[in-house]
Amino acid sequence: MDQYLQNIIRKALIEMGVSEEAIPEIQIETPRDPSHGDSATNVAMALAKPLRNNPRKIAEELVKNLKTDPDKISSVEIAGPGFINFRYSDNYLYAELKQLLEMGNEFGKGSDNRGVNALVEFVSANPTGPLTVGHGRNAVLGDTVARLLEWTGAEVQREYYFNNAGRQMRVLGQSVQARYLQQLGKKADLPEGGYEGEYIVDIAKSLVEEHGDSLLNEADEKLFKEKAEAAIFDEIKKTLERMNIVMDSFFNENTLYEDGSIDQTIEKFRKKGLAYDKDGAVWFKTTEFGKDKDTVLIKSTGEPTYRLPDIAYHANKLERGFDLCLDVFGADHIDTYPDVLNGIDVLGYDKSKVDVLVYQFVTLVKDGKPYKMSTRKANFVTLDELMDEVGEDVTRFFFLMRSPNTHLEFDVAQAKEAGEKNPVFYLQYAHARIQSILRKVDEIAEFSDMADLSVLTHDSEITLIKKMLSFPDAVSLAASHREPHRVITYLNELASNFTTFYHDCRIVGEDKAIMQARSELAKAVAAVLRNGLGILGITAPDRM
RNA sequence: GCGCCCGUAGCUCAACUGGAUAGAGCAACUGCCUUCUAAGCAGUAGGUUACAGGUUCAAGUCCUGUCGGGCGUACCA
């Protein structure tokens, strides 16, 4: 529809004698207030200055030259300072609704990202402990944006990047070793900054079960580290699966050392004069890119900082031929992003293919108070515990319901409420209610002919149809902004429109033609709800 | 100090990247279950969009400054 309007407006402008170059981008928008029509354009206002004319006059002339198809547009009005408002004809709505019903589960899919081969990297927590609430937002956002990209036509690979080599992992191994010794009655202390979580003890216990005391004389933590990593990764995968997330690949940072990418990266930097030695360390001249300090790439101990592998990793991704590499990370990592971009730019890759989704922190609210967490101090809340308490659907929904760019307050009490306070159920309830009605219709009536949708003339029916038709736009916007909460906002409006219809119009017991048409309408709503909830990774139950 | 993000109803947040009278949920108040699911609906109340300037036909949205909050500013990840 937008395109159609743009076309006829363009033609009308040319008819008026406006030159091609003078025509601005023709913006079509949906007015907030439905009494202003279904679509509106501001071209007349945008043209006021270049044409040195009153916007309302321009609008009048434009409308005079406009050739609208009555099967699509029923009225054109000029309003306010010079808006041109279009109202869709009912025939257009019925035709579109019919198409929606035919598309069913496909309705809402778009082509913005057709042919795009995308890699979404998310979670990427090192295997030092179970996933916590903090990781939850990352996981759910990443997965949902991946789904949005898929809905707009992209081929998406989900990747989990991890590092099992650093200091943290050694400390983890030592922590498990200490707990193992304690299990066998030996005296052993946790290392400095060791992991205090109960899960470490569990891993140690399972080692005792499996190996008895045969590991008593292990010289270092290596074996314990490996055991811990395997056990923890196992748990992480289970947690993700529970949240409806399946990774396509796990990328070990170590690969980058083994295949020489790390060394090559440093070499290239040196050749370009962007890396140098100082105080036994290797530095990246980030001052060249406007930072106040240079950045260490390799510590004087010989160990690289995370920044170097980060750059090599992104080069690796681009080397694999992805058109879009999307990173999902918390606001605390934002500073590394420009370095990575500059790094791969220096290496000769197209940095515009790398995009980032930054989200703000999550505050867990328990008993009305914010709950402070730290992984090492074991006073964290794991994602599993959270899901045990409030359920999987609610967990996903809460992580998605706010713009990524704003702090998220996760109120456990509110999430636990089965009823009124919990916004998830509003959507699911609408779907279940439709299914219930359709079951009833199935029992009492059989339809042989095609439904005549043109009997749908009630205000709330028309509003509902229009809302459904805007679903593809909502998906497209959510995808391009990487903001899943837009889908939630949309679904809330849709569910609300449906409930209004439900109260205004009956289905069961009406004349057969009306019952049939309204059943079709309800089916369409259910399909859109399912599709939307599907994007969010949330179930659409048939009964509640 | 510097960089990034944020400041909207009592609380948690929207607002289609600059559009028309700033909207939801929760909390408060008033009604509604012999009729397809009341996990619902209708209504009332609640605002100088932190503050001060600026840009233009039009600013919650863009620019500058001030105040307030979060994060970063490591040879930690």
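Here is how names work: the chains are called A, B, and so on, in the same order as the sequence lines, proteins then strands, and each is numbered from 1.
Nucleic acid contact class of A/Thr30 (heavy atoms, under 4.0 Å, all strands): base. As judged by a 4.0 angstrom heavy-atom cut-off over every strand, A/Thr406 is placed among residues touching the sugar-phosphate backbone only. Counting non-hydrogen atoms under 4.0 angstrom, A/Ser403 reaches the backbone sugars and phosphates but no base. In this structure, A/Ala46 reaches neither bases nor backbone, as no heavy-atom distance under 4.0 Å exists between it and the strands shown. At the heavy-atom level, A/Ala474 lies nowhere under 4.0 Å from the strands shown. No engagement by A/Lys291 is indicated, since no non-hydrogen atom pair under 4.0 Å with the nucleic acid exists. Using a 4.0 Å heavy-atom cutoff across all strands shown, A/Asn85 reaches at least one base atom of the nucleic acid. Using a 4.0 Å heavy-atom criterion, one finds that A/Ile507 contacts the bases of the nucleic acid, with or without backbone contacts as well.
For B/rA59, there is no paired base (Watson-Crick or G-U wobble, both distances below 3.5 Å). Across every strand in view, B/rA15 sits unpaired, with no contact that passes the Watson-Crick or G-U test at under 3.5 angstrom. For B/rC4, the paired base is B/rG70 (Watson-Crick or G-U wobble, both distances below 3.5 Å). Nucleotide B/rA38 is matched to nothing when pairs are restricted to Watson-Crick or G-U wobble geometry with both distances under 3.5 angstrom. Using the Watson-Crick or G-U wobble rule with both distances under 3.5 Å, B/rC33 pairs with nothing in any strand shown. Nucleotide B/rG10 is matched to B/rC26 when pairs are restricted to Watson-Crick or G-U wobble geometry with both distances under 3.5 angstrom. Of all nucleotides present, none satisfies the Watson-Crick or G-U wobble test against B/rU48 with each distance under 3.5 Å.
Comparing the P positions of B/rA20 and B/rA15 gives a spacing of 14 Å, expressed to the nearest Å. Of the C1' atoms belonging to B/rU61 and B/rC6, the separation is 14 Å, rounded to the nearest Å. Taking the C1' atoms as reference points, B/rU56 lies 39 Å from B/rU44, given to the whole Å. Remark: the separation of the P atoms in B/rC26 and B/rC36 is 23 Å, to the nearest Å. Taking atom P in both B/rC71 and B/rC29, the straight-line distance is 37 Å, to the nearest Å. Nucleotides B/rA24 and B/rG46 place their P atoms 15 Å apart, quoted to the nearest Å. Taking atom C1' on both nucleotides, B/rC16 is separated from B/rC63 by 24 Å, rounded to a whole Å. Look at the C1' atom in both B/rA45 and B/rG7: the space between them is 25 Å, to the nearest Å.
Distance NZ (A/Lys523) to P (B/rC36): 21 Å, rounded to an integer number of Å. Atom-to-atom, CG of A/Asp442 to P of B/rC36 comes out at 18 Å; the value is rounded to the nearest Å. Remark: C1' of B/rC41 and CG of A/Leu464 are 16 Å apart, rounded to the nearest angstrom. Rounded to a whole Å, the CZ atom of A/Phe397 is 13 Å from the C1' atom of B/rA14. One interatomic measurement links the two molecules: CD of A/Glu483 to C1' of B/rA15, which rounds to 12 Å at whole-angstrom precision. Between the CD1 atom of A/Ile437 and the C1' atom of B/rU35 there is a distance of 12 Å, rounded to whole Å. One interatomic measurement links the two molecules: CZ of A/Arg482 to C1' of B/rU17, which rounds to 15 Å at whole-angstrom precision. Distance, A/Tyr337 OH to B/rC4 P: 15 Å, rounded to whole Å.
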When you check every protein heavy atom under 4.0 Å of nucleotides 72-77 of chain B, what one-letter string (B, S, -) results, 5' to 3'?
SSSBSB

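In this structure, A/Arg518 pairs ionically with A/Glu461, as a charged nitrogen and a carboxylate oxygen lie closer than 4.0 Å. Look at A/Asp355 and A/Arg482 and you find a salt bridge, because one of the NZ, NE, NH1 or NH2 atoms lies within 4.0 Å of a carboxylate O, short of that distance. The pair A/Asp335-A/Arg307 fails the salt-bridge criterion, with no side-chain N (NZ, NE, NH1 or NH2) lying under 4.0 Å from an Asp/Glu carboxylate O. Note on A/Lys523 versus A/Glu520: salt bridge recorded, some NZ/NE/NH1/NH2 to OD/OE distance being below 4.0 Å. A salt bridge links A/Glu121 to A/Lys317: at least one charged side-chain nitrogen sits closer than 4.0 Å to a carboxylate oxygen.
If you check B/rC6, B/rA20, B/rC36 against the side chain of A/Ala79, the one that comes closest is B/rA20. Here B/rC5 is the nucleotide among B/rC5, B/rA20, B/rU56 with the atom lying nearest to any side-chain atom of A/Gln360. The side chain of A/Pro31 lies closest to B/rA20 when the candidates are B/rA20, B/rG19, B/rA39. Nearest to the side-chain atoms of A/Thr500 among the listed nucleotides B/rU37, B/rU35, B/rA42 stands B/rA42.
Both A/Glu29 and A/Thr489 lie near RNA chain B, and the one whose nearest nucleotide falls closer to the 5' end is A/Thr489. Both A/Gln27 and A/Leu477 lie near RNA chain B, and the one whose nearest nucleotide falls closer to the 5' end is A/Leu477.
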Could you give me the CA-CA distance, side-chain angles and deciding distance for A/Arg167 and A/Glu303, then say whether salt bridge (charged side-chain N to carboxylate O under 4.0 Å, His left out) is met?
CA-CA 10 Å; A/Arg167 193 177 68 87; A/Glu303 235 175 331; over 6 Å; no

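Contact annotation: A/His485 reaches the phosphate of B/rA15 (side-chain N/O to OP1 or OP2, under 4.0 Å). Dashed line: the shortest gap from a side-chain N or O of A/Tyr502 to OP1 or OP2 of B/rA38 is under 4.0 Å. Proximity of A/Arg402 to the phosphate of B/rC13: no side-chain N or O atom is located under 4.0 Å from OP1 or OP2. For A/Tyr426, a side-chain nitrogen or oxygen approaches OP1 or OP2 of B/rC41 to under 4.0 Å.
B/rU17 has A/His481 stacked on its base ring, the centres lying under 5.5 angstrom apart and the planes within 30 degrees of parallel. With centres under 5.5 Å and a plane angle under 30°, the ring of A/His36 is stacked against the base of B/rA20. Both geometric conditions, a ring-centre gap below 5.5 Å and a plane tilt below 30°, are fulfilled for A/Phe83 over the base of B/rA20.
Ring geometry, A/Phe471 versus A/Tyr490: the interplanar angle falls from 30° to 60°, so the pair is classed tilted. Ring-plane geometry between A/Tyr161 and A/Tyr313 is classed as parallel, the angle between the planes falling under 30 degrees on a 0 to 90 degree scale with a further cut at 60. Between A/Phe498 and A/Tyr502, the ring-plane angle classifies as tilted under the 30° and 60° cut-offs. Relative orientation of the A/Trp283 and A/Tyr276 rings is parallel, given thresholds of 30° and 60° on the angle between their planes.
Taking the syn range as angles within 90° of 0, the glycosidic angle of B/rU17 is syn. Applying the 90° cutoff around 0 to the glycosidic angle, B/rC6 is assigned anti.
Without hydrogens or angle criteria, A/Asp294 side chain to A/Thr286 main chain gives a donor-acceptor distance under 3.5 Å.
Checked against the 6.0 Å centroid criterion, the rings of A/Phe122 and A/Tyr359 do not qualify as a close aromatic pair.
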